[in-house]
Amino acid sequence: MRTRLVRHRVAWWCAQRRPANIDFTDVTDTSPAPATDLPTAFAPAEVERPLYERWVQRGYFEADDKSDRPPYCIVIPPPNVTGSLHLGHAFEHTLIDALVRRRRMQGYEALWMPGMDHAGIATQNVVERELAREGLSRHDLGREAFIDRVWQWKEQSGGQISGQMRRLGDSVAWSRERFTMDEGLSRAVQTIFKRLYDDGLIYRAERIINWCVRCHTALSDIEVEHTEDEGELISIKYNDEVVVATTRAETMLGDTAVAVNPDDERYRHLVGTEVELPLTGRRIPVVADPHVDPEFGTGMVKVTPAHDPNDFEVGRRHNLPALTIMDELGVITAHGPFQGLDRFEARPAVVAALREQGRIVSEKRPYVHSVGHCSRCKTVVEPRLSLQWFVRVGPLAKAAGDAVRDGRVRIHPKDMESRWFAWVDNMHDWCISRQLWWGHRIPVWYGPNGEVVCVGPDDEVPSGEGWTQDEDVLDTWFSSALWPFSTLGWPERTPAMEKFYPNQVLVTGYDILFFWVARMMMFGLYANADLGPERAIPFSTVALHGMVRDARGKKMSKSFGNVVDPMDWMDAYGSDALRFTLARGANPGTDVPIGEDWVQASRNFCNKLWNATRFALLNGARVGELPAATELSAPDRWILSRLHATLAEVDGLYEDFQFAKLTEALYHFTWDEFCDWYVELAKTPLARGGTDAERTRLVLGHVLDALLRVLHPITPFVSEALWTTLTGQETLVTAEWPEPDGSRLDAAAEATVADLQRLVTEVRRFRSDQGLNPGQRVEARLTGLPESLAGHEQEIRSLVRLDAPGEGFAPSASLSIGGVNVELDLSGAIDVAAERRRLDKDLAGARTALAQADAKLDNEQFLAKAPEQVVAKIRDRRTAAENEIARIEAQLAALPSA
RNA sequence: GGGCGUAUAGCUCAGCGGUAGAGCACCCGCCUUACAAGCGGGAGGUCACUGGUUCGAUCCCAGUUGCGCCCACCA
């Protein structure tokens, strides 16, 4: 039903539609030939692609290392080459692009450094999955062939990603594009590895690390996601006195001690004795260790040094052997009946065996505890003893904390700083070796006996007899940590380094503050220490944004089925609409809900802008010298005042990355002020012709010129298309940013237009209440116009379709608005009841306001303690309420009796 | 277990010690010399709850409840 109605309406409208080319010659006597080649609706698809290609061809996005302009450099958070960009990327790119485009317009040497991340484990997993579909594993191919295969994947994924970036309009310097596995970046990785190693900040050690039995590799602490999972806490009786509890029963096969708290009176006599470990026949000691909490469970803990980080420490303190009972796949290796079982098969098997011996004292009870999962594949992580490479983060993390503490680096929004300090000040050493194939091979060579013989960049390594390179690769974040300077040529002192390091801003999601930002800070400060503390920082500001969510605020996820491909929305509504929507939702550091409706609304905005410009061009708007303020009308001065106030507001908001607010301010100015009022007001002087029309054309041109400039960072395509048409100039990309001009602010004009708006709105409301169609002309007499509005009677009449009184004018209704009397000839009875209802309601409201104001002004404490400004404000409010009451009463009095 | 955040219109969110705001959705009217992707006019909120501070609290403070997030080597 509804659909049918809509369709009907559209068909009806199309049939009625008048031709696009309107002949204005009869009303615009002195206008130049109007540019009428803009279609009536904005068609993004036709505009965007050619514009982007032209921008790239002309090199507008490239940056010059040697220019005198101040630098403004943002490095792209390199997208993983695991597929394609999602809405979150589109969001991030919109923000970065807006910042960079604005600075470019402001005359900075602006560089948005593009590139991608090899994303070791993520990409390897993707390609392994592909292989699995062909029934192959990476081992079937072998290391070399597998890596070739990943490179093929990288080419494909990378191509797709850069295509998407072009669609988005990203103004990146393509000639500088980098990849984390480029030769130069690999060299940077090897160089810093060597330096850290030589400084004792990288070491190799046997430790308990997080092991993913599916990805087959070690993980760092932050690559583990903890979830509250339901498990079973089981109490096992070793003998009459010794009872321990565990959620991982299978690990008891590797126990090498039982621990109690040294202060625990109950068990003091047991310390130093041995108990028999069930199922194994091994005898293990009872040790005293402060790690044990006497309050928890029985106050006795089983100690499995090879499979639990705490137990490992206990074992170290008591010289206990570490018995590994599980292999890299999570399969039990301990001799006996459990050998060959997966860890999750072994667990119930062990419990069953224990129960058979009557060793289970408390039956399994549900127990919710925190379980670590691999952030890549969600497999439960297994703590595992193994030999790995680590970064000793102590001094590096301290430096990263200090840089923020002493203000060299600003984190925005500021409340994210507490998170920063909490993490940076409590960081554990970083496990950087990964048992993967895709990534930077660890630049360490071992001699025949496994001793380290050489560390360093490939090309500096002398070949030695029987030397072999470490098989493992580095954590992918190790190379990302160098991104702000490896992309600029580090370790060479390149002109690009000189010009663009430190970067001005880093824009990224708060979710990778630790993964990436902290590591960039650590390595940036370390690698560039020679530049001095002020210049060693990788960037002076970190601007954190939130996550894109669906229209209901839910996280987007494949399993939930609410993931949106940004390409779909760009196809449907255009890149500008998507960008505008994303910017409009971007409150600093908070998540951004986005729904298709909102993109539609942004598309409508772009179309509004398009049509406003089209109107201006049809009426001969042009950019030229504005007449002096004294030559301008009040509406002219008003819109210029509003324009420059908006420009100033936007500038201020950019400094704080307040994209949502600045976008909102632009939306409001464009639509509610410029289109709804100024354009409508302009029709009168344009129709009048002569100098009035000429003046109006210049104001229209001036406002649009500035408006399109200031919108360009957010909506580059539509603004470029319109602005080049308006001005005849080459491009907006490198045009000047519109500076706010304080001398254009004009309180008097703003007050005049506010009066005019109030008058117009009131008349419109009357007309609407009386059921008059908006287009229907009515004769009316206006009297008592204040001086400021006296010259604008024609505009007012035009806005509310009031004709001058003609022959036989017989007013049947009269309005009194702010001293202005409007007598209308409705040529018929008016709906007195409807009007009275409306006026009564308004009157009640006004009386309430008056009473409230009076109550305040009667309150002595209020008068004594409230600031003067507030009191004055209440007095004004009181006066306004009084005037309002007078106005309504006058109208009520003028109402004919029913 | 520790820390942080949040609660405002049907939805998503701004805001703020001095009469509650936006977008979308909704209702009424409409081709009105740019735009029906539009125009005009409306309706809609005890600003989570309870106390406190204040002349005045949606805003500040404390507590309660709900939701969300981050960190954590609780067997």
Side-chain angles (χ1 to χ4, degrees), chain A residues 9-10 12-13 16-18 22-24 26-27 38 40-42 208 221-222 226 233 244-248 259 291-293 296-297 300-304 308-313 369-370 383 415 418-419 422-423 426 428 510-511 513-514 549 551-553 573 584-585 587 590-595 597-598 600-601 603-619 660-661 664 667-668 675-676 679-680 683 687 761 764-769 771-776 800-801 845 848-849 852-853 856 859-867 869-871 873-874 877 881:
Chain A
R9 199 179 71 178
V10 170
W12 163 83
W13 175 75
Q16 302 275 321
R17 190 156 200 188
R18 75 184 75 68
I22 303 155
D23 186 3
F24 271 91
D26 55 331
V27 287
L38 289 180
T40 55
F42 171 46
I208 298 271
D221 291 347
I222 48 176
H226 292 267
L233 186 65
V244 297
T246 181
T247 53
R248 296 191 296 152
H291 158 68
V292 180
D293 173 7
F296 189 95
M300 296 181 136
V301 177
K302 59 190 277 303
V303 181
T304 322
D308 183 278
N310 284 318
D311 296 4
F312 179 75
E313 292 304 320
H369 63 143
S370 172
D415 44 306
S418 57
R419 256 193 218 191
W423 198 72
N426 300 294
H428 297 303
Y510 62 72
D511 58 328
L513 188 61
F514 306 144
R549 292 170 172 267
R552 306 258 284 273
Y573 307 109
R584 204 172 175 194
N587 287 116
T590 58
D591 290 348
V592 186
I594 182 170
D597 283 358
W598 313 358
Q600 259 170 35
R603 183 270 315 263
N604 295 354
F605 172 79
C606 292
N607 192 52
K608 189 75 179 171
L609 185 67
W610 180 272
N611 274 293
T613 308
R614 201 170 138 260
F615 168 85
L617 290 170
L618 284 166
N619 286 285
K661 292 199 181 81
E664 198 59 41
Y667 182 93
H668 176 249
C675 291
D676 283 355
V679 166
E680 293 306 318
K683 286 174 181 172
T761 304
R764 278 175 177 166
R765 200 167 75 158
F766 177 78
R767 293 185 51 128
S768 179
D769 285 354
L772 293 176
N773 288 348
Q776 188 177 330
V800 289
R801 320 281 151 187
T848 307
Q852 282 173 352
K856 287 230 163 194
N859 185 330
E860 281 173 29
Q861 282 180 309
F862 170 72
L863 292 176
K865 298 199 177 182
Q869 282 179 328
V870 173
V871 178
K873 211 165 152 186
I874 303 287
R877 198 178 296 158

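The chains referred to below are lettered A, B, ... by the order of the sequence lines, with proteins before strands, and numbering in each begins at 1. Note that the coordinates shown come from a computational prediction; the quantities given were computed from them, not determined experimentally.
With a cut-off of 3.5 Å on both Watson-Crick or G-U wobble distances, the partner of G45(B) is given as none. A57(B): no Watson-Crick or G-U partner with both key distances under 3.5 Å is found in any strand. Using the Watson-Crick or G-U wobble rule with both distances under 3.5 Å, U12(B) pairs with A22(B). In this entry G5(B) has C67(B) as its Watson-Crick or G-U wobble partner, both defining distances falling under 3.5 Å. Base pairing annotation: C74(B) forms no Watson-Crick or G-U wobble pair, as no partner gives both donor-acceptor distances under 3.5 Å. Nucleotide G38(B): paired with C30(B) (Watson-Crick or G-U wobble, both distances less than 3.5 Å). Using the Watson-Crick or G-U wobble rule with both distances under 3.5 Å, G17(B) pairs with nothing in any strand shown.
Residue Pro867(A) is classed as a base contact, given a heavy-atom separation below 4.0 Å to a base. Nucleic acid contact class of Thr613(A) (heavy atoms, under 4.0 Å, all strands): none. As judged by a 4.0 angstrom heavy-atom cut-off over every strand, Cys606(A) is placed among residues making no nucleic acid contact. Contacts of Val303(A) with the nucleic acid, taken as non-hydrogen atoms under 4.0 Å apart, are absent. Using a 4.0 Å heavy-atom cutoff across all strands shown, Ala612(A) reaches at least one base atom of the nucleic acid. Nucleic acid contact class of Asn773(A) (heavy atoms, under 4.0 Å, all strands): sugar-phosphate only. Residue Phe42(A) is in base contact, counting any heavy-atom pair closer than 4.0 Å across all strands shown. Across all strands shown, Asn587(A) has heavy atoms under 4.0 Å from sugar-phosphate atoms exclusively, and none from any base. Using a 4.0 Å heavy-atom cutoff across all strands shown, Arg549(A) reaches no nucleic acid atom at all.
In terms of polar N and O atoms assigned as donor or acceptor, the side chain of Lys856(A) comes within less than 3.5 Å of the base of G18(B) in a complementary pairing.
In this structure the side chain of Val871(A) reaches within 4.5 angstrom of the side chain of Leu863(A), judged on heavy atoms. Taking the side chain as every heavy atom from C-beta outward, His428(A) and Pro309(A) never approach each other to under 4.5 Å.
Of the two residues near RNA chain B, Asp676(A) and Val301(A), the one whose nearest nucleotide lies more 5' is Asp676(A). Heavy-atom nearest nucleotides on RNA chain B were determined for Ala616(A) and for Pro593(A), and the one closer to the 5' end corresponds to Pro593(A).
Taking atom P on both C67(B) and G21(B), the two are 32 Å apart, rounded to the nearest angstrom. If you take atom P in G68(B) and the same atom in U12(B), they sit 13 Å apart, rounded to whole Å. Using atom C1' as the reference point in both A7(B) and U58(B), the two lie 11 Å apart (nearest Å). C28(B) sits 28 Å from A34(B) when the P atoms are compared, rounded to a whole Å. Atom P of C74(B) sits at a distance of 26 Å from the matching atom of G66(B), rounded to the whole Å. The C1' atoms of C16(B) and G56(B) are separated by 14 Å, rounded to the nearest whole Å. Between C26(B) and G63(B), the distance separating the two C1' atoms is 39 Å to the nearest Å. Rounded to a whole angstrom, the distance from the P atom of A57(B) to that of G51(B) is 13 Å.
To the nearest angstrom, C1' of A14(B) lies 14 Å from NE2 of His668(A). Rounded to whole angstrom, the span from the NE2 atom of His369(A) across to the P atom of C74(B) amounts to 11 Å. Atom CZ in Phe296(A) sits roughly 20 Å away from atom P in A72(B) (whole-Å rounding). As a whole-Å value, the separation of Phe605(A) CZ from A37(B) C1' is 13 Å. The distance from atom CG of Leu772(A) to atom C1' of C28(B) is 14 Å, rounded to the nearest whole Å. Rounded to an integer number of Å, the gap from CZ of Arg764(A) to C1' of G29(B) is 14 Å. One can place CG of Asn607(A) at 6 Å from C1' of C35(B), the figure rounded to the nearest angstrom.
Each of U12(B), A14(B), C55(B) was ranked by its minimum atom distance to the side chain of Thr590(A); first place goes to A14(B). Nearest nucleotide to the side chain of Glu664(A), out of A22(B), C35(B), A14(B): A22(B). The side chain of Arg419(A) has C69(B) as its nearest neighbour among C69(B), A34(B), C71(B). Closest approach to the Arg801(A) side chain among C35(B), G23(B), U33(B) is made by U33(B) (side chain taken as heavy atoms from C-beta onward).
Annotation: the span from Asn611(A) atom CG to Cys606(A) atom SG amounts to 11.5 Å, rounded to 0.5 Å. The NZ atom of Lys873(A) sits 10.5 Å away from the NZ atom of Lys856(A) when rounded to the nearest 0.5 Å.
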Step by step, work out the side-chain contact (heavy atoms from CB on, under 4.5 Å) result for Ile874(A) and Phe862(A). CA-CA 11 Å; Ile874(A) 303 287; Phe862(A) 170 72; 3.8 Å; yes
Passes side-chain contact (heavy atoms from CB on, under 4.5 Å), Thr848(A) versus Gln852(A)? Steps please. CA-CA 6 Å; Thr848(A) 307; Gln852(A) 282 173 352; 4.0 Å; yes
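Remark: the Tyr573(A) side chain and the Asn607(A) side chain contain no N/O donor-acceptor pair separated by less than 3.5 Å.
Between Lys865(A) and G18(B) there is no side-chain N or O to OP1 or OP2 distance below 4.0 Å. Dashed line: the shortest gap from a side-chain N or O of Arg765(A) to OP1 or OP2 of G42(B) is under 4.0 Å. Between G15(B) and Lys661(A), a contact under 4.0 Å exists linking OP1 or OP2 to a side-chain N or O. Contact annotation: Asn604(A) side-chain N/O to G38(B) OP1/OP2 distance is under 4.0 Å.
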